[in-house]
Amino acid sequence: MFQFINTLLIGITSGAIYALMALAIVLVWRSTRVINFAQAGQALASTYFGYQALQYIDSFWIALIIAMAGGAILSALIEVIFMRILLKHTTSGAIAGVAPIIATLGLLEIIRTLVTLKWGGADVIVKAPLSNTGFSIGSNTLVFSPMKLAIIAVVTVLLLVFSVIFQKTSIGLSLRASAFSPELARLAGIRVDRIRTLGWAFSGATGAVAGLLLVTNGNGSLSPASLEFSLLLISGFIAAVIGGLESLLGSVVGGVALGIITAFVLMYISDSLFFIAPFVVLLLVLFIRPQGVLGKKGGRRA
Amino acid sequence: MHKLSNKARIAIFIVLGFVIFLISNRVDELRVYQGATVAVYVVGIASIILLTGYSGQVSLGQGALLGVGGYAAALARLHWGVSVPVSFAIAILAAAAAGALLGVAAARLSGPYLAGTTLALAVGLPSIANQFTFLGGEQGLFYDVGFPPASLGEDFTQYKWFFWIAALATLLAIFWLQNVMRSRYGRTWKAIRGSDIAAELAGINIARVKILAFTLSAGVAGLAGALLAMTIGTVSPSAFPLALSFSLLTGAVLSGVTTLGGVMIGAVTLVAIPEIVHSVVDRIGASEAVATNLPSLIVSALLIVTVIFVPNGPVEQMRTKSKKVKSL
Amino acid sequence: MSLEVRNLTVNHGAITALSDISFTVPEGELVAIIGANGAGKSTLLRTLSGLKDASHGTATWKGHNLLSGKAETHVRQGVAHVSEGMSVIPELTVEENLDLGAIWRRNKSEAATTKAEVFDLFPRLQERINQSADTLSGGERQMLAIGRAMMSKPQLLLLDEPSLGLAPLLVKQIFDAISNISRQYGLSVVLVEQNAMGALKIASSGIVLNLGRVAMTGTSQELISDPAVQAAYLGY
Amino acid sequence: MKAFNRRKLVTASAMLAVTALTITTVPAQAFSPKSEVGVSANEIKLGITIPMTGAASPGYNKVPAAMKAYFDYVNANGGVNGRKITLVVKDDQYVPTQAVAKTNELILKDRVFALVSPLGTANNKAVAASVNPAKRGVPVLFVNTGFSGFADVKKYPTTYSLLPSYVMEAKIMAEYIKDNFAGKTIGLVYQDDDFGSDALAGFKTAGVKFATTVGYASGSQSATTAAGWVTKLKAANCDVVILFGVSSATAAGLGTAAALKYAPQWILGSVGGDATTIKAAGVPAGVLYNAVGASFLPSTTDTADEYVSLFSGIYAKAVPGSAFDNNVLVGMNSAFVTVQALQAAGKNPTRKSLIAAINSKGSTFASAGLLPLNYSASSHVGYNGYWFGKYSPTGDLKPDGGKYTLYTTDSGSGAVVKSTYKRPAMPAKGLPN
C-alpha cells in the first residue's frame, strides 16, 4: 500500500513537470501550428537564467520570475527574428510542411551550444528553496516533500492564471481566435503577429518554470548536456499528444497521466523500461485515440 | 524533367565508380576511411530524401532504423555466419520490415505527430539492446566483415576494403533509388507531396503509398546501418544516438530533399566541417571550449540558413535558376 | 464618404485575377457584385479588406487608402468583411464570436450596447449565447458572422456570398436582414453573390464581373431587365 | 542539352567530394624513415580519446589535463631520454562512431606513437574492431574500462589495462561484505547492461544472496527514478545497499534516499564512487558520510602518501583551482606508468620495443597503486584488487582504521585473498629512471 502511494506521488510530481512542458508546446502549436523542438533548449537556457540570477539574489522565487521573464523574452525573440522569416520563406516547396520542425531542431542545437559556451559544460547547482525531505507518516517517509508540494502548487497556480487569461480576458480571446482562425482574427482587428509573439512569450515563460522545477525536483544539478532536458521535451510532446495538442487542460491531464503510468511501469514491471514505456504510451494513444484523450473529433475546443 | 536514357545512366555510374576507384588509390588511409564514412552518410541521407523529398513525410528517427539494419547485419553474421552481401540484404530486409510497421503508424499521422513519434523512437529504440542479452547490451556486438582478399596484396588496407564495399553499395543503392523515383511510384509520391487531396482525387491510395515509401526508405537506411556497423566494426546502442538522426536530417536538408542530385553535398559537409573547423581553430588558437562547440554551431546555422533560403536544396535552386535563364 | 475603386488590378502569382476594375459605392447604398464562379468576386473583397495585395490601382474609403496597411487596421476605419462560407470560429461560443468583432474597441460599454442591438436583430443568437458556434445551423452561423461584423460598428460592410449553402427560406431571411441593416444604419454594403436575383432585388445598383473584368454596371432594375444578364446570371 | 545538365550535376557532386577531401588534407609530417611513427629527435607524441563534452563527460574530462600535468613535469625535468612527451586530446563524446573517427585521426593524421587511457567499453571495442591497433602494431596503453574481454592477450596483443575487471570488483566486494556485514539484508542497484551483468556474475560466483535487485536503464538515472529504487529497497528492508553504477546513478540514489530518510549502509562501486563528481551532481558531502567505497590507489587526501603529495602539488600548479580528485589521480598515475614504459622501451623506442618492454618489465614498474602491476607476456591486466574504506564527513574516502587492507582475486572462480604486497618507495622526485 505504501509503495502504491509513493509510486502515485512520484508519478504526479514528474507528471506536473511534463504537464508544464506540454503546456509550452501546446501554446506554440496553437499560435503558430509548429511543434517547437527548440523548446527543450529554451527551457535549458531559461533555467540557466534562473541559476545566474541566484548568484546575485537570494530568493529562488524571484529567480524563478526572472527566469520566466528571460524565457519569455528569448521565446518572443525567436518568434520575431526567426519564425517569421522562416514561415515567410517556406510557404511552398517540398519541405514546406516539415521545414519549421527541422529548423527548430537546428535552433535547439544552437541554443545548447551557446549555453555551453557561456556557462561551461560542467554541472552547476541550483539550490531548492524548500526541503526535499519527504513528509513522514509514523515511521514511514513519503516520497512527497515540501518542494514537491510547491511544484504541484506552482503548476496549479500557473494553470489557473492561464485559464483566467484565456477564458476571461480579451487578450485570451485574441490568442484563441488567432490560433483557430488567423484570417478571421485579422478581420476582427486583432494584430495577429503581435498576438502570436505573445503566445510564444507565454510558452517561453512556462518552459522556464518547467526547467527550474525539473532541476529542483532532482538533486539541483544542471548541465547543458543533461539528458533530462531532451527527455523533458519528449515527455512534454507525448503529454501534449495525449491531451490532443489543442487543449491547455488536456496537456495537464496528459502530463499527469504520463507521469503516473511511467511511474507504475517502472515500479511494478521493470526499471529498464524507462525509455520504452513513454513511447509505447504514445503509440497506443495515436492508434486508439489519435485526437487525444480530451480532443473531440472534428471540433477543437480551447 | 531531365531524362537520361538508362544506358547513359549506367555509363555515368560506371565512370563514377572508376573515378572513385582511382581516388581510393591516390589518397591516404585517413581519407579512405572518411570516404567510407561519406558513403555511409550518402546512403543514410538518400533514405531521408526518398522519404521526405518524395513523399513529404518526415522522420527524426532515421538513426533508429540504421540501428535496426546494423544489428540485423551483425546478428546474421555472428550467429549464422552468412557472407557480407547476405548480411547487407538481411539488414535491408529487417529495417524495411521495421519501416513498414512504422509506416502503418505514420500513414495515420500528419507532420508534427509523425515528427514527434519518430523522435521518441530514436530515443527509445536503441535502449532495447539493453533488454535482451543476445543484443550485447551497452558494449554491443562485433560485426566482422573479414579481411580483404589476399590477392589484393599485402599493402591493401582494411579501410580501403571498407571503402570499396561502401562505395559499391552506395552506387548500387543510388542507382536503384533513381530508378524507383523515375518509376510510377516515384511520380505518385511526388503527387502526394504536392497535395494529399489532389492525389486522392487522382485515385491514389495514399496510405498504401506512404507505407511503401516508409518501407523502402527504411530498407535503404538499413543498408546505411550495416555500412556504419562495418566501418566501426561493432554495433552498440551508443553508436545510434539521437545525434545521428539529427545529422542525417541535416545532411538531407543541406543536400536538398527534392532530388538525389546533391546527395554528396550534405554527406561531405557533415564529414568535412568538423575537420575544417578544427584545423582553422588550431591555427588561430581559439580556446578548447570554442573548438569543441564550433562545428555543431556552424552545422546547425547552415541547416537553418538552408531551410530558410534554399529550402529545396542547392541543386534544385541551381536547376530552377538555369531554367529561368533558358526561358528568358 | 463613398468607396471609390479605380483601375484595380490584382494578380495571383502569374495569373491576373482582377483587371482594371473601377466602380463607386455611394454612401449608404447597397451594391451587388455578381458573376460566375472564378470571376474574381471574392478576390475583390479580400483586396478591399486588406487580406490580399493589389498590384495596381487605387481604392479609397473616407479618404483612406484601402490598398495599404493590413487587414487589422481596416476594421478600425469602419470596414467590416464577412468572408466566404460562414465566417465564424466554431471553437468559440456565440458570445465569444460576437465579442471578437468588438475586440479592438476601447469603449466596452459602447460595445455592450452594440451587442444588444445585434441581439435585437438576431434574437436566435441570444438564445444560443453560450453554445459553441459549431453547434449552430447554417443560417444561425451566417447570422453570427454578420452579427460579428456589426459588432465593429462598421460603415462599410463587405459581404461574401452570405446565401451560400442555405435553404431558400433562410436565404430570404438573410437578404432581408442585410437590407434592413443597410437601411437602418445607413451602411454602405458591397454584396458579392452568386444568387444574382436575390442580391439585385435588395441592391440599388449592380456590377457584373466576368473573368476579372467589369462586364456591365447599372441600377438593379437595368440589370434585371437586361437580356444578357438574364441569360447568363438570372437563369431565365 | 538537358542530358548534359544532369551529367554536370553528377560531376559537380563528385568534384566537390574530391576537392573537399583534398583541401582538408594536412600534409603528413615528415619523419625520417628510420625513426618510429610519432617519435622524433625531441618529441614523443601520444594520443587519447575521451568524452570531453556530453552527458558522460563530467569527471572524466579532467583526466587529460591531469595526464598533461604529469607529462609536462617530466618534460621540464629532461623528458624521456631527452624527448618531450606531447598528448593529443580528442573528444569522442562517448559515441563509438566518434571514438573510431578520432582514433583514426590520431593514428593516421596526428601520427601518434601510442594511444593512452582511452575511455569506455563500447568505444574501446569499436576501436579494437575497426581501427584494429593490434594489426597496426599501435600500443593501446591502459584502457580505461573494467571490461574483462581485453584481458585476452591473443586477441588484443597491444592493449593493456590498469583497472581490475568488474567481475573482480564484485567478488572482492562480496568478500568484504562477508567480513563486515554478515547476516545483513543486502540490496543491489546496478546498471542494466553488461557493466552490471559483469558485476552480477561476480556476485553470483561469490554466492551473495540479495533481498532485492534494481536494474536501471543506462541514462535513466535521475532523482525521480531513484525514488522508485529507494521505495523498492525500503520495501525489501535492506540494511546494506550496493550501488554498482556510474557516478550520476550513485548521486541520484544517495540524494533521493536522504530525502526519503532512508539510511542503509551504502557500498559504492569504484566506477560510481568518485566523490567530486557525486558532490558536483548536488549531493551534500554529509550524505556520502560513512558510505563504503573501493579503490586500488591511495586516498586522495592521504597527504602522507608520497605519490599523492607529489601529484597534488604538480596538479595544483598546472591546473589551478581544480580539485585533486580520484579522476586526477587515475590520470596522473597512468601518465606515470606510461613514462616508465617509454623509458623501458629503450633509447630509440619503437612500438615493438614498447610492447616488449611492458611485457618483460611491466611487473616491476613503480606506480601509485597499492597493488603490484601484473604485466607479462601472457597478462595485460594491471591491478587485481581493491581496498575498502569509508567516506569522511567531507566526502573523502579513507581506509578502514587508517590502514589499507587489500583484497585480490581473478576474473574467474579463484578465491579472494588478502594481499601482503608492500608498495616500494617512489622514485626520487617522482621521476622514474
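This one's a predicted model, so the numbers in the text were calculated from it and none came from an experiment. Here is how names work: the chains are called A, B, and so on, in the same order as the sequence lines, proteins then strands, and each is numbered from 1.
- Here the side chains of Lys232(D) and Gln3(A) are in contact, with some heavy-atom distance below 4.5 Å.
- Per-residue counts of heavy-atom pairs under 4.5 Å with chain D were compared for Val143(A), Leu9(A), Thr262(A); the largest is that of Val143(A).
- Per-residue counts of heavy-atom pairs under 4.5 Å with chain A were compared for Ala217(D), Ala226(D), Ala223(D); the largest is that of Ala217(D).
- Within the 4.5 Å cutoff, the side chain of Asp192(D) has no heavy atoms near those of the Asp271(A) side chain.
- Contact annotation for Asn6(A): only side-chain heavy atoms (C-beta onward) come within less than 4.5 Å of a heavy atom of chain D.
- For the set Ala252(D), Ala235(D), Ala251(D), the entry with the most heavy-atom pairs within less than 4.5 Å of chain A is Ala251(D).
- For the pair Thr13(A)/Thr224(D), no side-chain contact is recorded, criterion being any heavy-atom separation below 4.5 Å from C-beta on.
- Of the two parts of Glu228(A), only the side chain, counted from C-beta on, holds a non-hydrogen atom closer than 4.5 Å to a non-hydrogen atom of chain D.
- Side-chain polar atoms of Ser136(A) and Lys261(D) form a donor-acceptor pair below 3.5 angstrom.
- Between chain A and the options Ala281(D), Gly282(D), Ala280(D), heavy-atom pairs under 4.5 Å are most frequent for Ala281(D).
- The shortest side-chain heavy-atom distance between Thr225(D) and Phe274(A) falls under the 4.5 Å cut-off.
- Proximity to chain D (any heavy atom under 4.5 Å) is shown, for Leu266(A), by both the backbone and the side chain.
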